[in-house]
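Contents: one structure, followed by commentary.
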There are 4 protein chains.
Amino acid sequence: MIHQSLKEKQRQEREELILQATQELLLERGYYETSMGEIAQRVGVAKGTLYQHFESKEALMIALFKREFHDLHVAIENIASMQVGAQEKITLMIDTLCYHLAEKHPVFFIIRNASDLEAEIHEEIKEYFNGMRARISVILDGGKAEGIFNASLPTEVMVEALFGIIVSRLFKNFHQRQQVTYEDLVGHLKCIYFHGITAPTPAPAG
Amino acid sequence: MIHQSLKEKQRQEREELILQATQELLLERGYYETSMGEIAQRVGVAKGTLYQHFESKEALMIALFKREFHDLHVAIENIASMQVGAQEKITLMIDTLCYHLAEKHPVFFIIRNASDLEAEIHEEIKEYFNGMRARISVILDGGKAEGIFNASLPTEVMVEALFGIIVSRLFKNFHQRQQVTYEDLVGHLKCIYFHGITAPTPAPAG
Amino acid sequence: MIHQSLKEKQRQEREELILQATQELLLERGYYETSMGEIAQRVGVAKGTLYQHFESKEALMIALFKREFHDLHVAIENIASMQVGAQEKITLMIDTLCYHLAEKHPVFFIIRNASDLEAEIHEEIKEYFNGMRARISVILDGGKAEGIFNASLPTEVMVEALFGIIVSRLFKNFHQRQQVTYEDLVGHLKCIYFHGITAPTPAPAG
Amino acid sequence: MIHQSLKEKQRQEREELILQATQELLLERGYYETSMGEIAQRVGVAKGTLYQHFESKEALMIALFKREFHDLHVAIENIASMQVGAQEKITLMIDTLCYHLAEKHPVFFIIRNASDLEAEIHEEIKEYFNGMRARISVILDGGKAEGIFNASLPTEVMVEALFGIIVSRLFKNFHQRQQVTYEDLVGHLKCIYFHGITAPTPAPAG
DNA sequence: GATGAATGAGTGTTCATTCAT
DNA sequence: CATGAATGAACACTCATTCAT
């Protein structure tokens, strides 16, 4: 039994190393410029070993994606089922998305880039995104019902705007030196998403 | 001389045909799935001819990008130099960006997808974007000075939010059946960008 | 025009060289042991060149097969449409098969070996054989109607026996030093096919 | 000792299972499409175990061949040493060959396909065949001496014709739906081998 | 200048074989 | 001994680029 679990442990460690190397290379070069040979080389194993863990390059990418996004998935489910107002849910959602997407899982952006246009290859990844969209839609609809979100905006547009603001912004943040701190940045994004860029109207004098 | 310019004209026509075909194929298949052979075939010339106009696949893509964004570039310059308020400038900017990015130049998205991470290859394209960002930054700073934009938001963040909202949203619009009309969509994006998703406060009763 | 046909000629010459080299290697090593790389090497061209002439290894094999068997095909059609008795037709058929299969086109045997069990890969080749079988069946049925062939034998069995005798025998002849001359061998095969191995009964004394 | 022989027994059982699985897969897919991994999987052992019984894929195939043909070998020896006429011996030989080759040991055909051209790999298998040929040659020569076989036919040709008729025909029978029953088929093959396809001459009226 | 066949490095993938556990 | 993960050479095939015509 101990024997078994030792082997199993090694296997998982190796798998982890492969995923790590893949993520690194993906970030350095992008999907198409990263070859299985390079991944193997970086891990320090033979090419064939990769195929013992993942049945194809595509499968490796999907596995990487799943690993990367499992936590996010769980977090989103949690937020969705909280007993708080929509505004707070969306706030938490932005926090969560920013945290996972930018800080912990930048591989997201690369895969997204590759996935948008290659529907067939990354069908599975798309479903992940659609799941996320559905959860957020429900929250936004809740907020409209509460009267706190602008009911004249289509929910779908609101969802994409959320992604658009976060992904675009954080991606830049990740790849470039930035003057703005992470916390400030997230605060600004929330501000824009909730109130836009218009200067706040001064509270009417009482 | 006249002979020369006739030849030159034919050359330019050919070049135009190549760019056209490239754009089509890029939209149909994406960058990596489009081969020089296919482009040549669609134009109806030999592969070698492509290389007489563009020294590499990459150079062809950059040339395409430049052609595609020349109009946008001009339009942005025009808006930047208008004698109107910042709010109006940004409104026009959103109209313009939406128009060019989604309606006229969807190739943008493909190139952007390919370009984000491959810094070296698409350096030239990045400069285009940086130019655009600079113009928009100036406008936003103007708006802050006017007191109509939220001065507590870093201009850079505001710029990226603008791109984020437009690109993400319109890309989806381009690739999927959509319930929202183009005009409504642009209206919603402006609304979100200026006011966020919060429900408008009712005008204080007089 | 002359220019055109020069290039075309060179192309065909090269194609011929590829087919030649393929045939040689097929005979030396068999289908699975012959790699596209080896073929290219023997021809003295790059691997890619092979693919400009034949879209896959399989296609190359089929093309080789077709080239090799075109003459046989024509010859069989001719025999089938002759205005002579069935016995003579079968005699000619054996001559023809022996000539083409053993002397001129030994590649046949290799392809047959590969084709029997890999139905899907070599469907096209199988159809060639079925065409041949059909022609021979008609002749044999004719012979039965004439009363000269044994009507109690199923035609199908007779066809396969014809192939069996010729292919098995000639294949050996090709690959081994042989005491029997080619002409004698063909004579013996005809003898066996028509009369079996039983000693001829002496003509009854008058 | 008893322990030893128990282990030995298990070892042999395992070996038998491996050979069985190999035979099955060979029939289902052919030599090149059958991997050591698949064989191991079907047996339910690890790949490494295969190599404890057979030092290579090739050795496994040869061992399978030997096992498969041991019975045939014995049967042929028996027939060869019988005290009956050559005609009867050949008749029995055809029965035996048909029985073993088609009914019990179709694996023969696959191996033969693979073996014909790869002299080096299957040298050992070839020797088996040569032994068979030698025995049959002796019988045929005996028949010639008896005056019942056509002495003008070279014995070697007669041997190959025997193989040719049986193998070609039965192979087809094995792989295709057949109208002819097995017994009839064997009868037809004997008929052709002994008398050819010519219609039997009516007994002279007396 | 136009052509398109030739090039060859590169890709993802397979699989017989080995060997540490 | 059994195991099965690791190996790495080999394979079929692609495609941006070159260059003789």
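In what follows, chains are A, B, ... by sequence order, proteins preceding strands, each numbered from 1.
OP1 or OP2 of E:dA2 sits under 4.0 Å from a side-chain N or O of B:Q52. OP1 or OP2 of F:dC1 has not a single side-chain nitrogen or oxygen of D:H53 nearer than 4.0 Å.
Per the geometry, CD1 belonging to A:I18 stands 11 Å off C1' belonging to F:dA5, to the nearest Å. Between the OH atom of B:Y32 and the P atom of E:dG12 there is a distance of 12 Å, given to the nearest Å. We find that NZ of A:K57 is positioned 8 Å from P of E:dT11, with the value rounded to whole Å. Across the protein-nucleic acid pair, B:M61 atom CE and F:dA16 atom C1' stand 11 Å apart, rounded to whole Å. As rounded to whole Å, 14 Å separates atom C1' of F:dA6 from atom CD of A:E15. In this structure, CD of D:E33 is placed 16 Å from P of F:dC11, rounded to the nearest angstrom. Spacing between atom NZ of A:K9 and atom C1' of E:dA20 amounts to 17 Å, rounded to whole angstrom units. Protein atom CZ of A:F54 is 18 Å distant from nucleotide atom C1' of E:dT14, rounded to whole Å.
Residue whose closest nucleotide on DNA chain F sits further toward the 5' end, between C:E55 and A:R11: A:R11.
For B:K47, the side-chain contact (heavy atoms from CB on, under 4.5 Å) criterion is met by B:A40, not counting sequence neighbours.
Looking at heavy atoms from C-beta onward, D:L26 lies in side-chain contact with D:M61 at the 4.5 angstrom threshold.
In summary, the aromatic rings of A:F69 and A:Y128 are positioned with their centroids too far apart to meet the 6.0 Å limit.
Of the residues in residues 38-51 of chain D, those lying under 4.0 Å from DNA chain F by heavy-atom distance are D:V45, D:A46, D:K47, D:G48, D:T49.
The residue A:R14 sits close only to the backbone: its heavy atoms come under 4.0 Å of sugar-phosphate atoms, none of a base.
Across F:dT7, E:dC15, F:dA12, the shortest atom-to-atom separation from the side chain of C:M36 is found for F:dA12. Each of F:dA16, E:dC15, F:dC11 was ranked by its minimum atom distance to the side chain of D:S35; first place goes to E:dC15.
With hydrogens and angles left out, the side-chain atoms of C:Y32 and D:E33 include a donor and acceptor closer than 3.5 Å. Using modelled atom types and a 3.5 Å distance limit, the side chains of C:R67 and C:Q23 yield a donor-acceptor pair.
The environment of CD in D:E55 is sparse: at most 12 heavy-atom neighbours from other residues, nucleotides or ligands sit within 6.0 Å.
Using the Watson-Crick or G-U wobble rule with both distances under 3.5 Å, E:dT21 pairs with F:dA2.
Considering B:E8, B:K9, B:E16 as possible partners of B:Q12, the one that fulfils the side-chain contact (heavy atoms from CB on, under 4.5 Å) test is B:E8.
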